Amino acid sequence: MAVWPGLWPALLGIVLAAWLRCSGAQQSATVANPVPGANPDLLPHFLVEPEDVYIVKNKPVLLVCKAVPATQIFFKCNGEWVRQVDHVIERSTDGSSGLPAMEVRINVSRQQVEKVFGLEEYWCQCVAWSSSGTTKSQKAYIRIAYLRKNFEQEPLAKEVSLEQGIVLPCRPPEGIPPAEVEWLRNEDLVDPSLDPNVYITREHSLVVRQARLADTANYTCVAKNIVARRRSASAAVIVYVNGGWSTWTEWSVCSASCGRGWQKRSRSCTNPAPLNGGAFCEGQNVQKTACATLCPVDGSWSPWSKWSACGLDCTHWRSRECSDPAPRNGGEECRGTDLDTRNCTSDLCVHTASGPEDVALYVGLIAVAVCLVLLLLVLILVYCRKKEGLDSDVADSSILTSGFQPVSIKPSKADNPHLLTIQPDLSTTTTTYQGSLCPRQDGPSPKFQLTNGHLLSPLSGGRHTLHHSSPTSEAEDFVSRLSTQNYFRSLPRGTSNMAYGTFNFLGGRLMIPNTGISLLIPPDAIPRGKIYEIYLTLHKPEDVRLPLAGCQTLLSPIVSCGPPGVLLTRPVILAMDHCGEPSPESWSLRLKKQSCEGSWEDVLHLGEEAPSHLYYCQLEASACYIFTEQLGRFALVGEALSVAAAKRLKLLLFAPVACTSLEYNIRVYCLHDTHDALKEVVQLEKQLGGQLIQEPRVLHFKDSYHNLRLSIHDVPSSLWKSKLLVSYQEIPFYHIWNGTQQYLHCTFTLERVSPSTSDLACKVWVWQVEGDGQSFNINFNITKDTRFAELLALESEGGVPALVGPSAFKIPFLIRQKIITSLDPPCSRGADWRTLAQKLHLDSHLSFFASKPSPTAMILNLWEARHFPNGNLSQLAAAVAGLGQPGQNAYTLTSFGTRQGQAEAGQGPYPKLGRSAWTGPLLANVVP
């Protein structure tokens, strides 16, 4: 036993030499090297082998080996033996076999690993010895753990529709050991095992098979290992729902219980409703269609039959039937009896002939009746002769040529020496009338009581006095005079949108310049002996509350004429523009009038007028002419029956006249295509110092619920820079369609690169989504180009706001009277007022004209309203030619038109004079 200590170093050297010869074939698995002749069962085998570890931050790692039987164990790292002092050795005896066991531990620091960083991986291995040989453990690799901060790919925000797939990619930061990835939804862990609709791919992408509303959230990719935990930027995922239409409702009941009306059905964008920014349903939510309901017809009796022969009972009978017409569609049956029986022998069957007292009574009654008839005929004859005398002598009266100007007494004509033509001085005359300014509904009465209303409040004493104002009076005097009365307080205080005048039975005309609004007062519309002071006013939509229901829209200006309640014996004609594209299939048009209580009422449904109605309307492409016998406040309102209903919008482009800064603004106005709307914008731009830079254009704006968009394009970037942050500007549909908002416009702001830049070339587009559009090509010099400024100046009207007497009419008074006298009586050859209406394309209004005392006067009044001041009398003469009795009417009218033109131009035998100067002489030459 004494030699073992000496032999041990020798044996260890032999073993080490043998191990070194095999070091080139080292493997990670355990390798045994037995001593020849030794018992292989006594070779060391490892109970614990070193395992791969990671160094976190600066903390050293611990490697452990344990083998049995083992007499020595040493660590070798990267081919070098670890010093013996660095080993911690613990010896023991294996309890199961009784063999010696040894456990060895070493620490490996971060510095040791970093020495070989980049060359090869750092590894350590255990070598255990016993008397039978050596055994090597597996290699344990020691790595420095880390996790970088930045993700190689982060998830991005997405907007997806319902049931669409979602893929959110994520590539975690580089790290050792490789990072594990998990996903958070609104900070809650996404667990694919609990939700089969989601899974995570090998590349760490989160996949949602079908998007649900609950999947709308903020998603975060989380990467982690033993060193750190990193979070990506959150990606917002929005699952939107596009709107879907519900089913159509049933058609509503026809709006008219009798005749033509309309019915509608609706649907809502709730199947599903748009969510999270989803698109709204396309198309209209209301459909309208025309409908017709059969009107009930009440039965009426046919004429009585002839009396039957007298019967034996001294009676005879007659019958009738309920067949003229027969009741239908639920109409009422005829009332009364269908058989009438009477005595046929004057009671001779019962009594003898009447006595002499009865005969005397009958004779006396007949004589009284004859006297009354003769007296009535005499009165009618006297009245007719007086009227003819007045009309025949009025030709020389200055009232036809000078209106209300006082003139001296003139002698009568030779053929009627007992008549004098006298004109009173009307400058100081006042006419007082009594009556309700808002007529009551319970029928006429000799004296009406004044009623309270916002249009006209009662004056003191229940009387209203209209004063005559001379033609030279100022507008301010008129406003100050009327502003003290309650009924005028709702009217505008300015005079630019107002006209007024004093009129008598000769009539006249009021016009508001540059608005297309006028009021024609025909002759004899005002009762003879009455003098009225009449006004005409244009209101701003924001100053008058006009309630609009459903799909209704304002198509015309709101106009007042008054005072309301005055007595008129003929209809006056109110003319005003409208912006609708008239079509019976697309529009339901109604005339609204404000009552004395302030509420608005439908007084006329266009296309369903009754001939005896108080109101009537001649609708043309851009204007309407309203016949009315009651003055008040009016507006034309349209209700769309289909998406084809369109309003005309006038597009105007304005810009500053002088540009003193680098910024340059282009204002695009979208107005109703009416003269009054154009006038308001032109006045506003004059105050702002603007000028028109392109010719105005018209756009048809449909009832499709789509907005109006405006954009600017092709701006030269080298000279100008647009400050518009979006691709287009937008005006909401309802702002345009309700028609009550003024000055709708958008402004495009451009900035010059240099103050010397003066040439501008670009395009402005205006269009309705899925509708009509217009494009403006702008190319002009902003400092000196004014070629478009004259376009608006050409549209201004001439003339004065008020014309009284004959000067207000194109047709001379006496020629007018001759035409009326010739064409009013029916003619068997058809050469009467009906043919005149047909030639003037007014034959659709025959029933209305026929309901008036003088149909020809109504036709001529409408011609005056439509063709003043530029009407061509020659065209009217051509229509009158061949009608009536001789061709004299056409000849005199043609001659008057020709001489009128010569007098205005200063040609022929007439000097260049105004209308009031040459009307009288021409009448004397034209009218025989």
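If you're wondering where the values come from, they're calculated on a predicted model, not measured in any experiment.
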Exercise for review: From the options E608, H605, K288, Q552, select the one residue that forms a side-chain hydrogen bond (donor to acceptor under 3.5 Å, both in side chains) with S588.
Suggested key: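 With S588 as partner, side-chain hydrogen bond (donor to acceptor under 3.5 Å, both in side chains) holds for just one option, H605.
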Practice item. Taking the two cysteines C281 and C269, decide whether their SG atoms are closer than 2.5 angstrom. Key: yes
Counting heavy atoms not belonging to [X], are there more than 12 under 6.0 Å from its [atom1]?
{"X": "E542", "atom1": "CD", "result": "yes"}
{"X": "W765", "atom1": "CH2", "result": "no"}
{"X": "Q774", "atom1": "CD", "result": "yes"}

Mind listing the closest non-hydrogen atom pair of [X] and [Y] along with its distance?
{"X": "I811", "Y": "E864", "answer": "N-OE2, 2.9 Å"}
{"X": "L710", "Y": "C746", "answer": "CD1-SG, 3.6 Å"}
{"X": "W833", "Y": "P855", "answer": "CD2-CB, 3.4 Å"}
{"X": "F780", "Y": "Q691", "answer": "CE1-NE2, 4.4 Å"}

Could you state the interatomic distance from [atom1] ([X]) to [atom2] ([Y]), rounded to the nearest 0.5 Å?
{"X": "L536", "Y": "T515", "atom1": "CG", "atom2": "OG1", "value": "7.5 Å"}
{"X": "Q287", "Y": "S252", "atom1": "CD", "atom2": "OG", "value": "12.0 Å"}
{"X": "L520", "Y": "R866", "atom1": "CG", "atom2": "CZ", "value": "13.0 Å"}
{"X": "E770", "Y": "H706", "atom1": "CD", "atom2": "NE2", "value": "4.0 Å"}
{"X": "M576", "Y": "T674", "atom1": "CE", "atom2": "OG1", "value": "11.0 Å"}
{"X": "H713", "Y": "N777", "atom1": "NE2", "atom2": "CG", "value": "11.5 Å"}

Centres of the [X] and [Y] rings: under 6.0 Å?
{"X": "H845", "Y": "Y616", "result": "yes"}
{"X": "Y669", "Y": "F654", "result": "yes"}
{"X": "F733", "Y": "F701", "result": "yes"}

Review point. Side chain to side chain contact (heavy atoms under 4.5 Å, CB included) between Y664 and W720: does it pass, once the steps are laid out?
Key: CA-CA 10 Å; Y664 189 75; W720 297 85; 3.7 Å; yes
Backbone N or O of [Y] within a donor-acceptor pair of the [X] side chain at under 3.5 Å?
{"X": "S518", "Y": "L510", "answer": "no"}
{"X": "E663", "Y": "T749", "answer": "no"}
{"X": "N242", "Y": "A279", "answer": "yes"}
{"X": "D772", "Y": "H700", "answer": "yes"}
{"X": "E620", "Y": "C624", "answer": "no"}
{"X": "Q263", "Y": "T289", "answer": "no"}
{"X": "T249", "Y": "S266", "answer": "yes"}
{"X": "H735", "Y": "I731", "answer": "no"}
{"X": "R648", "Y": "G580", "answer": "yes"}
{"X": "K679", "Y": "P513", "answer": "yes"}

Do the side chains of [X] and [Y] get close enough for a salt bridge, i.e. N-O under 4.0 angstrom?
{"X": "E629", "Y": "K852", "value": "yes"}
{"X": "K723", "Y": "E751", "value": "yes"}
{"X": "K592", "Y": "D602", "value": "yes"}
{"X": "E730", "Y": "R709", "value": "yes"}

**Study point:** side-chain hydrogen bond (donor to acceptor under 3.5 Å, both in side chains) evaluation trace for H539 with S560
**Key:** CA-CA 8 Å; H539 297 272; S560 290; 2.6 Å; yes
Under 3.5 Å side-chain donor-acceptor pair for [X] and [Y]:
{"X": "S586", "Y": "E581", "value": "no"}
{"X": "K647", "Y": "H672", "value": "yes"}
{"X": "E585", "Y": "S583", "value": "yes"}

Are [X] and [Y] packed together at the side-chain level, in the sense that at least one heavy-atom pair is separated by less than 4.5 angstrom?
{"X": "L589", "Y": "V637", "answer": "no"}
{"X": "L631", "Y": "Y535", "answer": "no"}
{"X": "L649", "Y": "V766", "answer": "no"}
{"X": "K593", "Y": "L591", "answer": "no"}

Point to revise | Audit row: E680, N497, side-chain hydrogen bond (donor to acceptor under 3.5 Å, both in side chains) steps and yes/no | key: CA-CA 10 Å; E680 293 291 334; N497 289 334; 3.2 Å; yes
Exercise for review: Among L538, V559, D676, find the residue that satisfies the side chain to side chain contact (heavy atoms under 4.5 Å, CB included) test when tested with I512.
Suggested key: L538
Practice item. Might you work through the side chain to side chain contact (heavy atoms under 4.5 Å, CB included) test for L708 and W767, ending with a clear yes or no? Key: CA-CA 6 Å; L708 189 70; W767 76 100; 5.8 Å; no
**Study point:** Aromatic F776 / basic R697 pairing, under 6.0 angstrom, 45° off normal
**Key:**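 Yes, R697 lies over the aromatic ring of F776.
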Point to revise | Criterion ring-ring contact (aromatic ring centres under 6.0 Å, His included) on F848 and F627, from CA distance to verdict | key: CA-CA 10 Å; F848 170 71; F627 292 81; 5.1 Å; yes
